[in-house]
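Quick one: this structure, given as structure tokens, is what I'll be asking you about.
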There are 2 protein chains.
Amino acid sequence: MEELDNTDIHLLKLLGDDSNMTMKELAAKVNLSPSPVFERVKRLESNGYIKKYIALLDAEKLNHGLIIFCSIRLKQHDKSIGMEFVQDIMKIKEVVECYNVSGDYDFLLKVYARDMKHYQDFVFNKLGSVKSIGSTHSTFVMSENKNSHNVNL
Amino acid sequence: MEELDNTDIHLLKLLGDDSNMTMKELAAKVNLSPSPVFERVKRLESNGYIKKYIALLDAEKLNHGLIIFCSIRLKQHDKSIGMEFVQDIMKIKEVVECYNVSGDYDFLLKVYARDMKHYQDFVFNKLGSVKSIGSTHSTFVMSENKNSHNVNL
DNA sequence: CTTGAAAAATGGAGGGT
DNA sequence: ACCCTCCATTTTTCAAG
């Protein structure tokens with residue numbers, strides 16, 4: 001596994017914030033010509049530093065005005081119940097993130113919902129049908145103050 | 001405000017998962033020629049449905065093996081203290097997300113750290129110097145089971 | 001929406017430090 | 001090892017129908 005030099009880090013920062021820049025533009029920012037930049041970026045991709053390129057969508061415009069962090073306690077704590085829970089939860093489109101965590105609860109979910117009615121339906125009908133769940137606790141997001149969508153290098 | 005048809009939704013889904021597809025590839029997936037796809041994508045961008053394009057970086061490879069959700073309770077609950085907190089927290093690079101939330105705590109932070117030692121330093125030296133903070137509670141992520149990095153349409 | 005063509009970017013070859 | 005300057009190919013971008 002190779003080291004990353006300052007130029008690589010610089011490129012990762014730039015692409016992590018805006019991947020629509022051309023090689024030419026990137027090259028200008030790191031004071032190189034397009035070719036070595038092209039090679040560096042391809043290397044960063046194939047070495048897995050860059051996982052993929054995505055478009056960030058506006059959740060609010062796409063009818064997801066509410067963000068909720070939903071803590072989940074399982075009924076039992078064996079591996080098969082945990083795996084069953086993860087499988088069930090993966091199928092629910094409102095759940096955009098899922099973490100197995102330490103502390104009072106076992107899992108933390110980030111959930112997008114249109115509105116309260118939608119969230120209520122999610123809790124009763126979607127979570128309600130996941131048998132492995134013991135109890136839940138909802139924390140509502142009042143405002144998103146920062147989301148870099150990435151590592152901050 | 002215009003409506004989105006099924007093709008628009010389809011394009012958003014595709015780009016939300018992989019923005020490196022060419023117009024040609026996108027066109028093939030939605031059964032159109034490149035030109036109308038180009039126009040639709042530009043419209044989705046200028047109407048704000050697509051916010052920006054980014055490269056997703058591998059946090060683990062970039063020396064951020066630990067994810068922590070850090071709950072924060074402020075000393076007082078007036079607006080100026082809250083704004084001061086947000087301003088201070090924005091400057092800390094370990095904090096990748098920050099939400100103002102309901103419930104026992106006022107804010108929820110998502111934090112990336114290299115390891116426990118790094119996190120300890122973050123809590124003592126970085127959070128420790130933010131005067132508006134009353135108390136904190138850390139929830140450690142043991143595994144990330146799902147992160148779509150986007151709305152699920 | 002389609003065709004089609006100009007402008008621009010990508011991705012290599014070949015050579016220099 | 002790393003960079004540069006071309007340049008062919010592909011893609012983007014935008015007319016006009």
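Chain letters run A, B, ... following the sequence lines, proteins first, then strands; residues in each count from 1. None of these values were measured; they are calculated from a predicted model.
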Whole-Å distance between D:dT10 C1' and B:N20 CG?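 One finds 15 Å between C1' of D:dT10 and CG of B:N20, rounded.
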Whether B:D18 and A:K52 form a salt bridge (side-chain N of Lys/Arg under 4.0 Å from carboxylate O of Asp/Glu) is what I want to check.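 No, no charged N to carboxylate O under 4.0 Å.
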Between A:E39 (CD) and D:dT5 (C1'), how many Å, whole number?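 About 13 Å, once rounded to whole Å.
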Starting from C1' on C:dA9, measure out to CE on A:M21 and report it in whole angstrom.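 These atoms are roughly 15 Å apart.
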A:T139 versus B:Y99, side-chain donor and acceptor atoms under 3.5 Å: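 On atom types as modelled, these side chains do not qualify, holding no pair under 3.5 Å.
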Euclidean distance, atom CZ of residue B:R43 to atom P of D:dT13 [Å, nearest integer]: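 From B:R43 CZ to D:dT13 P: 17 Å.
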Report yes if at least one side-chain N or O of B:K24 is closer than 4.0 Å to OP1 or OP2 of D:dT10; otherwise report no.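 B:K24 to D:dT10 OP1/OP2: no side-chain N or O under 4.0 Å.
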Heavy-atom donor-acceptor pair, B:D115 side chain to B:L66 backbone, under 3.5 Å: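 No, because the side chain of B:D115 does not come within donor-acceptor range (under 3.5 Å) of the backbone of B:L66.
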Please report the distance, rounded to the nearest Å, between CG in B:N31 and C1' in C:dT2.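 Computing the B:N31:CG to C:dT2:C1' distance gives 15 Å.
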To the nearest Å, how far apart are A:M23 CE and C:dG12 P?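 Value for this atom pair: 11 Å.
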Give the nucleotide from the list C:dT10, D:dC4, D:dT13 with an atom nearest to the side chain of B:F38.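 Per side-chain heavy atoms of B:F38, the pick is D:dT13.
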Under 4.0 Å from OP1 or OP2 of D:dC3: is there any side-chain N or O of A:R40 that close?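 For D:dC3, OP1 or OP2 has a side-chain N or O of A:R40 closer than 4.0 Å.
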Looking at every heavy atom in both B:G48 and A:D58, which two are closest together, and how far apart are they?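 Of all heavy-atom pairs spanning B:G48 and A:D58, the closest is O-CB, 3.2 Å.
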Just how far, in rounded Å, is P of D:dT5 from CG of A:L32?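 Taking CG of A:L32 and P of D:dT5, I get 11 Å after rounding.
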Checking all strands, does B:S35 fall into the base, sugar-phosphate, or nothing category for heavy-atom contacts under 4.0 angstrom?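 It contacts base atoms.
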Have a look at A:S33 and say if it touches a base, only the backbone sugar-phosphate, or nothing, with a 4.0 Å heavy-atom cut-off.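 Here A:S33 touches the bases of the nucleic acid.
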